Amino acid sequence: MTPSASLKRIALIPGDGIGSEVTQEARKVLESLATKGSLPLETTTFDWGAEKFLREGVTLPEGALDMLRSEFDAIFIGALGDPRVPSNRHAADILLGIRFGLDLYVNQRPVKLLDARFCPLKNRGERDVNFVVFRENTEGNYVGLGGNFKKGTADEVAIQEDLNTRKGVERILVYAFEHAQRHRLTRICMADKSNALPYGHGLWRRTFEDVRARYPEIEARHVYADTVAMEMVRDPAQFQVIVTSNMLGDILSDLGAALLGGLGLSPSANIHPGKISMFEPVHGSAPAIAGKQVANPMAALLTAGMMIEHLGFPKEAGRIEELVKEALANDRVTPDLGGTLRTREVGDWICGRL
Ligand code: NAD
Ligand code: IPM
Ligand code: MN
């Protein structure tokens, strides 16, 4: 940190279920770094989520996006989703509302194995599982275009459109290539289903051909997404960067999380370069284990690391990753990884080492 580093204002949205438990640990670690003077940061918590929705009928409050844009440097979100809101309307409004509203078109989901003992694949180590998934985050079949006709009858029709724009596809592809170039990576794989979706994913294929031509030094190939899923398990070492559409990226990133030891270890970032960005663990609110202090907070801690790295503090981010690795190596882990520690005990252990 340079003495002149300006204060970073973080909006925390703990959300539902285990979201609030893991966010609490992320907050502890961030505040611990702040107290030690190595991170000029201040957090403000927002109670947006199922409770508020059920109580007040409010999902994303009016003016929220402008407020986030003007008063904060980054957003950290735990998870949203509650069985008492079967439509998941509040999660769509809040989570997708922020992704779309702030145009956070890059969903960066690193798949970096931190401890080989937790990888479910035979004979694979940290060197074999280390790639990043870039998921398009503002288009595809997530945009909510569609409807039902004769809903609830035997003749019901449901339409869910898959929206792909040249601009939207191109910008995520360019981001992935630029990332590869910046990090001296040499291989990119685009995952699509153009064999079944010739219009939408045909656009992905054609745009990919155009963009790859601008980066001749990068080995770029397209692979159908079902094959990518299979190859991620068979030989993950072949991947450095995977770039793909919104829903395929959602699915492949959960598979990626499994290679690390589970969703409790998988961080992510929702980015619009140069503008406010949002950081969230890949996992959801896990209602079945919520409120029991058994959720693994490591994904949230690594997510906090991605956030502070993005804000210009790579050393502090590296420290968080090191300490998560140390906790894994010393079996200071929650039950999902075979341990007995509670959520807050993992956070305490890591804060204690900072
Ligand atoms: P989930 O990620 O909540 O849980 C999937 C499985 O992984 C469950 O067995 C759960 O117990 C386990 N798990 C997840 N995170 C864990 C952690 N940190 N520690 C230990 N175990 C963990 O996915 P789901 O069950 O499909 O979804 C539950 C709700 O969360 C749904 O409403 C869904 O829409 C929502 N969701 C939200 C987000 C988000 O807000 N970013 C992401 C995914 C799912
Ligand atoms: C994720 C989640 C969300 C998504 C859900 C909750 C809408 O699964 O962040 O991975 O599909 O993007
Ligand atoms: Mn998901």
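All values reported here derive from a predicted model rather than from experimental measurement. First listed ligand is number 1; within each ligand, the first listed atom is number 1. Worth knowing before you read on, the calculation uses all heavy atoms, side chains too, and leaves out hydrogens, waters and symmetry mates. Residue numbers count from 1 along this sequence.
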Can Val129 and Phe239 be said to form a side-chain contact (heavy atoms from CB on, under 4.5 Å), step by step?
-> CA-CA 8 Å; Val129 184; Phe239 296 111; over 6 Å; no
So, for [atom], does the protein have a heavy atom nearer than 4.0 Å?
atom	value
atom 41 (N) of ligand 1	yes
atom 25 (O) of ligand 1	no
atom 9 (O) of ligand 1	no

Shortest protein contact, [atom] (heavy atom only):
atom	answer
atom 1 (C) of ligand 2	Arg109 NH2, 3.5 Å
atom 2 (C) of ligand 2	Asp250 OD1, 4.0 Å
atom 11 (O) of ligand 2	Tyr142 OH, 2.6 Å
atom 13 (N) of ligand 1	Ala286 CB, 4.2 Å
atom 29 (C) of ligand 1	Ser285 OG, 3.2 Å
atom 6 (C) of ligand 2	Leu95 CD2, 4.0 Å
atom 9 (O) of ligand 2	Arg99 NH2, 2.7 Å
atom 16 (C) of ligand 1	Ile18 CD1, 3.8 Å
atom 18 (N) of ligand 1	Asn296 O, 3.0 Å
atom 5 (C) of ligand 1	Leu263 CD1, 3.8 Å
atom 22 (C) of ligand 1	Ile289 CD1, 4.1 Å

Mark up the atoms of ligand 1 that fall under 4.0 Å of a heavy atom belonging to [X], in ascending order.
X	answer
Glu280	39 (C), 41 (N)
Leu95	39 (C), 40 (O), 41 (N)
Gly81	32 (O)
Ala295	19 (N)
Gly264	17 (C), 18 (N)

With nothing but distance in play, are any N or O atoms of [X] less than 3.5 Å from an N or O of ligand 1?
X	value
Leu80	yes
Pro287	no
Gly284	yes
Arg99	no

Is the distance between the ring centroids of [Y] and [X] under 6.0 Å?
X	Y	answer
Phe177	Tyr215	yes
Phe134	Tyr105	no
Tyr199	His201	no

Under a heavy-atom criterion of less than 4.0 Å, does Ala91 contact ligand 1?
-> no
Identify which one of Glu322, Glu316, Glu321 satisfies the salt bridge (Lys or Arg N to Asp or Glu O under 4.0 Å) criterion when paired with Arg319.
-> Glu322
Decide whether Glu136 and Thr138 meet the rule of one side-chain donor and one side-chain acceptor closer than 3.5 Å.
-> yes
Have Asp93 and Thr59 got a donor and an acceptor in their side chains that come within less than 3.5 Å?
-> yes
Whether [Y] and [X] form a salt bridge (side-chain N of Lys/Arg under 4.0 Å from carboxylate O of Asp/Glu) is what I want to check.
X	Y	result
Arg55	Asp47	yes
Lys325	Asp115	no
Lys28	Glu31	no
Glu326	Arg353	yes
Glu280	Arg99	yes

Checking distances from the Mn ion (ligand 3), one finds that the N, O or S atom of Asp250 closest to it is OD1
Identify which one of Leu252, Val133, Leu248 satisfies the side chain to side chain contact (heavy atoms under 4.5 Å, CB included) criterion when paired with Val228.
-> Leu252
The answer for which part of Arg135 has a heavy atom under 4.0 Å from ligand 2 is side chain
Check the pair Arg84, Leu54 against side-chain contact (heavy atoms from CB on, under 4.5 Å), reporting the backbone distance first and the verdict last.
-> CA-CA 8 Å; Arg84 292 171 301 167; Leu54 292 168; 3.5 Å; yes
Between Val169 and Arg205, does a side-chain contact (heavy atoms from CB on, under 4.5 Å) hold up when you go through it step by step?
-> CA-CA 10 Å; Val169 173; Arg205 286 289 294 278; over 6 Å; no
Is it the side chain (CB and beyond), the backbone, both or neither of [X] that lies under 4.0 Å from ligand 1, heavy atoms counted?
X	answer
His283	both
Asp16	neither
Val282	backbone
Asp336	side chain
Asn88	side chain

Could you walk me through whether Arg89 and Phe53 pass side-chain contact (heavy atoms from CB on, under 4.5 Å), step by step?
-> CA-CA 9 Å; Arg89 207 198 105 196; Phe53 175 59; 3.9 Å; yes
Verdict with reasoning, Asp210 to Arg166, per salt bridge (charged side-chain N to carboxylate O under 4.0 Å, His left out) | CA-CA 11 Å; Asp210 289 350; Arg166 168 75 200 206; 3.1 Å; yes
Within the distance-only criterion (no hydrogens, no angle test), does the side chain of Glu21 pair as donor or acceptor with the backbone N or O of Gly291 below 3.5 angstrom?
-> yes
